[in-house]
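Counting from 1, the numbers follow the sequence of the chain as shown.
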Amino acid sequence: MPYPQLPLPFEIPGAQYLPLAWADVKGWEDDDHLAAYKTFRASCRPINAQNGAAEPKALGASLSEPCRAAKTLDLADDAKAKTFFEENFTPLRISRLGEPDGFVTGYYEPVLEGSRTQTDLYNVPVYRRPSNLFVRGYKQDSVSLPNKGPVYRKIGRRKLVPYYDRGEIEDGKIAGRGLEIAWLKDPTDLLFAQIQGSARIKFEDGSSVRLNYDAYNGYPYTAVGRILIERGIIPKEEMSMQKIREWMAQNPDGAKELRRANRAYIFFREVNLSDKDEAVGAQGIPLTAGRSIAVDKSLHVYGTPFFIEGELPIESERAKTPFHRLMIAQDTGSAIIGPARADLFFGAGQEAGRVSGRLRHPMRFVMLVPKSLDPGPRAAKLPIPDPRPSEKIAKLFPQTVPAKAATPADKNETVAIAGPVPLPMPRPAIDAGSEPRRPVKNRPHRQQ
């Protein structure tokens, strides 16, 4: 009998997942569940406000159920927060198909010195989005255009051409059009602010401006660290953001060429945040240092909890600090691709930059799936496969595989080839006059 083709409760392309019991989630008991609950509850505000159709992704609108429950639960106890997750979610180990673990990096919000006007010291412009930048399906005044897909430069009313790349923009293609938000000292500072997607710029008078991602120029992101590894300049095991900075400071000409190898360019917008608030993620809410992650938006839904477990160099470059923490998906990035791929947000400032800059590590991912999508009951309906035959039965009834046609291993090897199949002999010619005639019976004809 063929096995029934039952629809899966959800499916993530290119992923493999395994349902777990909470007791099998390593480090789950030791986490600060209340901190994770507060971050999850912050993600629930935009989820509870949604009125449109569900997103066409694995979890769809299923997060609305636990979010409605969290709306009325202002918990202040860690044990109750832990119970909330266990009662509303099912743990599911997830990874890329054929791989045991996921992969994490880190990001932060740089705090940079800048100027509101161009000077001899501050001469690197930070640009807002140009008015002639166009993305199909979006209005030109839309907030936060997508960070994937084609981007065009609009000429006149109808003509569209690819937008300028990093080298062209650095050479001044959009200079002098009033797009400058601020000016920085070093183009490397701008590059890393663009990689992180946000920045705080402090001015000499004590004031500051907060910047967030607003658009990009349509070119795929190229990791400058990977280029340095491929060229043998920095060993892979020593790669970090600090190592990249040091090399670029010591090699100004090489730094310019390296920057331009990454043709992607980010445009910013000013956001109304105080210095006490964290950067705003792609979900539209302030991130939480140590609890927010960026994920692949094409696969996952914002607000999804992920328990990430393993060892990370938190305390120093060579430290193996145990890391087991429930994180909430609240952001995305063009380099974050795959079902078990995350960028961990560590906050703002130099220390956050040092920690996040040295993270490139495999970790175990457990995705928390709302109970409404629990794959356990659906899997229970599938029939159990037939038991494997014993060794004795296997010998009595061997499984034969049809022999493949032999092919000569050597071109000079002589191979016997069957001759052509002969045609059948032609039928003998028979003289029609030699056959005896049969007597003809006279039959009366009808009168016409």
Side-chain ([X]) to main-chain ([Y]) donor-acceptor, under 3.5 angstrom:
X    : Y    : answer
Q196 : Y108 : yes
N262 : T222 : yes
D296 : G338 : yes
N123 : T119 : no
H33  : A79  : no

Step by step, would you call R358 with S316 a side chain to side chain donor-acceptor pair (under 3.5 Å)?
-> CA-CA 9 Å; R358 55 183 178 241; S316 67; over 6 Å; no
If you count every heavy atom of other residues, nucleotides or ligands that lies below 6.0 Å from [X] atom [atom1], does the total exceed 12?
X    : atom1 : value
K26  : NZ    : no
E99  : CD    : yes
K80  : NZ    : no
N272 : CG    : no
K236 : NZ    : no
E204 : CD    : no

How long is the gap from OG1 on T304 to CD1 on I47, to the nearest 0.5 Å?
-> 7.5 Å
OG1-CD distance between T321 and E315, expressed to the nearest 0.5 angstrom | 4.0 Å
With a 4.5 Å cut-off on side-chain heavy atoms, are [Y] and [X] touching?
X    : Y    : answer
L145 : Y216 : no
Y138 : P146 : yes
E317 : R354 : no
F89  : F40  : yes
V280 : L273 : yes
S64  : R68  : yes
M248 : R259 : yes
I201 : L184 : yes

Look at [X] together with [Y] and state whether they make a salt bridge at an N to O cut-off of under 4.0 Å.
X    : Y    : answer
R291 : D31  : yes
E270 : R128 : yes
D189 : R245 : yes
E113 : K202 : no
R41  : D74  : yes
E29  : K82  : yes

Testing D171, D253, D165 for salt bridge (charged side-chain N to carboxylate O under 4.0 Å, His left out) with R260, which one passes?
-> D171
R210/E109 under salt bridge (Lys or Arg N to Asp or Glu O under 4.0 Å): CA gap, chis, key distance, verdict = CA-CA 10 Å; R210 301 288 298 277; E109 185 182 21; 3.1 Å; yes
Donor on one side chain, acceptor on other, [X] and [Y], under 3.5 Å:
X    : Y    : value
Y107 : D331 : yes
R341 : T105 : yes
E86  : W28  : yes
R166 : Q194 : yes

Is the gap between the ring centers of F85 and F307 under 6.0 Å?
->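 Ring centroids of F85 and F307 are no less than 6.0 Å from each other.
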For residues [X] and [Y], report the shortest heavy-atom separation together with the two atoms involved.
X    : Y    : answer
Y219 : P162 : OH-CB, 4.1 Å
G303 : L63  : C-CD1, 3.7 Å
A340 : I94  : CB-O, 3.7 Å
R200 : D277 : NH2-O, 3.0 Å

Scan residues 237-275 for pairs that pass ring pair (Phe, Tyr, Trp, His ring centres under 6.0 Å), counting only residues two or more places apart or in two chains.
->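 Pairs touching residues 237-275 that pass the test: Y265-F267.
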Of all pairs that satisfy ring pair (Phe, Tyr, Trp, His ring centres under 6.0 Å), the ones with a partner from residues 144-190, not counting sequence neighbours =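 Listed by first then second residue: nothing to list.
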Identify the residue among L228, I234, I227 that makes a side-chain contact (heavy atoms from CB on, under 4.5 Å) with R231.
->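 Running side-chain contact (heavy atoms from CB on, under 4.5 Å) over L228, I234, I227 with R231 returns exactly one hit, I227.
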Is the F306 ring parallel, tilted or perpendicular to the F365 ring (thresholds 30°, 60°)?
-> perpendicular
